[in-house]
Each structure stands twice: as structure tokens, then as C-alpha cells.
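Since the structure comes first, as C-alpha cells, the remarks are kept for the end.
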Amino acid sequence: IIRIKAWSHRGVDGYSNGMNDGYFIVLERLDECLSTRITNWKQQTDKLRFAVRNRSMKLNDLMFQRLRVARDIARGIAYLHEHHIIHRDIKPTNIGFHDGVTKLLDFDVSRFLPKGSEGQLFNLTALTGTRRYMSPENALHLPYNEKTDVYSFAMVLNEIVSMEKAFPKLTKHEHEIRVFHHGLRPHIPQICPKGIRVLIQNAWDKHIESRPSMKQIVEILETEVSLLVQKSVRSSSPSRSWFQSVRTPPVLPPTVAVR
């Protein structure tokens with residue numbers, strides 16, 4: 001868009017006069033969005049399905065990469081909430097990467113909440129955001145607050161861990177009845193660390209007051225990432241049995257010549 005606009009207005013000179021025909025939009029460059037990265041993670045994981053050598057260590061490394069990204073996303077949302085902003089459309093296509101930095105995008109439906117209103121519920125616009133990641137209270141025209149983002153983050157986190165989109169075959173009507181009314185949630189894969197499993201289940205709880213805050217979620221994710229690092233270090237170091245199989249030759253005293 002920028003390039004075509006520049007061509008139609010004599011290149012960069014078209015922006016120098018400050019007149020009507022000189023206006024333009026600058027868009028921040030992104031290397032990829034989260035949905036693309038999830039696809040890449042899945043392809044890497046599929047390649048390891050029949051691997052023999054270092055398979056466990058490589059799968060652990062991929063999980064570490066995914067949880068580190070999830071932690072960075074959580075930090076961004078926690079920052080918004082700290083400044084009384086709710087995003088209301090957290091989803092993989094609204095999360096991008098550039099030069100190794102995770103970025104939250106698309107704030108067109110974001111909303112400021114009053115300062116000092118933590119825990120309070122508000123009658124905000126319903127059905128705001130994307131249905132697959134939308135909280136039940138948002139969809140059902142109920143009062144809500146910043147924890148609508150917590151639910152959305154839980155859906156994104158499970159997609160990061162499972163590398164599968166939730167409810168791919170549900171119609172709009174089925175989604176409303178089974179998910180929003182009856183509490184259906186996506187399957188959490190067995191490979192998911194226990195701490196992350198519990199976090200996801202708590203974060204997408206149908207009761208908004210039962211969900212953790214984004215600040216608490218950041219703390220949990222930082223702990224889980226640290227545990228994965230420790231696990232990776234242990235798995236990459238030689239095992240104890242390897243040391244036992246190698247016998248150190250005895251140290252002999254120096255030879256003394258007798259004359």
C-alpha cells in the first residue's frame with residue numbers, strides 16, 4: 001500500500017508537501033504472525049514422530065519455544081491490564097513477531113476501564129472479538145471485565161500447546177450452545193506439562209471470578225519455562241550410568257630409578 005501510494009505521488013516527494021495528497025500510512029513490519037509459527041511448530045513436531053536420536057530432547061526444546069512465546073504474550077496482556085486496557089480480540093492472527101520480539105496487534109476493539117475498578121464487572125459491548133476465542137460472558141451479553149482476555153489467552157495457550165485450532169467442525173449455532181452455554185472446552189494434549197494444564201483449565205473457567213489474573217499467569221509461565229530449562233539441561237548431560245561404565249585407570253606412583 002505504501003509503495004503504490006508513493007508511486008502515484010512522485011515517490012517520496014509526494015510525502016514532503018504535507019498536503020492532502022501527501023498523507024500516507026506507515027505499517028510496522030512483522031516477520032510472521034502466531035498462526036504461521038504454530039503451523040511451523042507442528043511441521044517440526046511431525047518430522048520428529050519417527051525420529052530415534054535425541055527425539056525427547058528436541059520435543060522438549062519445541063515445547064520450551066512455545067511456552068516462552070506464551071509467556072511473552074501473557075506479559076504483553078498483563079501490561080495492558082496494568083494500564084486498565086482490555087484488548088477483547090486476543091487470537092493468533094493478532095499476535096506477531098519481528099526481530100525476536102513478540103507483539104500484540106489490532107487494538108480497534110480495545111477499551112479503557114476506570115482506574116481502581118479491579119474485580120468490577122461492566123456492561124460492555126457484547127459479541128466483541130472472534131467467536132473461537134471469545135469468552136462466554138462476552139458472547140452471552142453478560143457483564144465482564146479484563147478477565148475476558150484471560151479466557152481468550154487460555155484458548156490461545158492451548159492452541160500453542162496442541163498446535164490445533166479449537167472446534168474446527170462446530171457450526172456457529174453449535175458453538176454457541178455447546179461452548180458458551182454448556183461449557184465445552186478443547187482437548188488439552190497429554191504432552192502438556194501438568195502446571196500448564198491446570199493453568200489452562202483455570203483460565204477458561206466459565207466463572208469469570210475464578211480465573212487467575214494475567215499477572216498470576218505470567219508468574220506461572222515463568223516458573224514452567226524455568227522447569228523446562230532445567231529438564232533440558234538434565235537430559236543433555238551424560239547419565240550416571242555412562243560415568244559408571246567408564247573406569248578411570250589407577251594413578252601409579254612415579255618410577256624411581258635405583259642405582
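These figures come from a predicted structure and were not determined experimentally. Heavy-atom basis, side chains included; hydrogens, waters and symmetry copies ignored.
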Report yes if the side chains of [X] and [Y] come closer than 4.5 Å at any heavy-atom pair, otherwise no.
| X | Y | result |
| --- | --- | --- |
| I160 | I73 | yes |
| R132 | K91 | no |
| Q120 | F122 | yes |
| T148 | L124 | no |
| L80 | D149 | no |
| E164 | E159 | no |
| R66 | M163 | yes |
| I217 | L157 | no |

Surrounding [atom1] of [X] (heavy atoms of other residues, nucleotides or ligands, distance under 6.0 Å), is the total greater than 12?
| X | atom1 | value |
| --- | --- | --- |
| K206 | NZ | no |
| K165 | NZ | yes |
| R197 | CZ | yes |
| H187 | NE2 | yes |

[atom2] on [Y] to [atom1] on [X], rounded to 0.5 Å:
| X | Y | atom1 | atom2 | value |
| --- | --- | --- | --- | --- |
| E82 | E118 | CD | CD | 10.5 Å |
| I188 | I200 | CD1 | CD1 | 5.0 Å |
| I196 | L227 | CD1 | CG | 9.0 Å |

Backbone N or O of [Y] within a donor-acceptor pair of the [X] side chain at under 3.5 Å?
| X | Y | answer |
| --- | --- | --- |
| R185 | W204 | yes |
| T45 | W41 | yes |
| H87 | D106 | yes |

With a 4.0 Å cut-off, would you call R75 and E222 a salt bridge?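 Salt bridge: yes.
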
[X] and [Y]: side-chain donor and acceptor closer than 3.5 Å?
| X | Y | result |
| --- | --- | --- |
| E137 | S135 | yes |
| H98 | D31 | yes |
| D61 | Q65 | yes |
| R88 | Y144 | yes |
| T130 | D89 | yes |

Let me see the working for N138 and F180 under side chain to side chain contact (heavy atoms under 4.5 Å, CB included), right down to the final yes or no.
-> CA-CA 9 Å; N138 183 349; F180 296 147; over 6 Å; no

In a check of side-chain contact (heavy atoms from CB on, under 4.5 Å) between L34 and each of T39, I95, N94, which one passes?
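Only one option passes, and that is I95.
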
| Cation over ring, R37 on F97, under 6.0 Å and within 45°? |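 So R37 does make the cation-pi contact.
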
Handout entry: Atom of P136, atom of Y151 and distance for their closest heavy-atom approach
Key =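 It is CD-CE1, 3.6 Å.
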
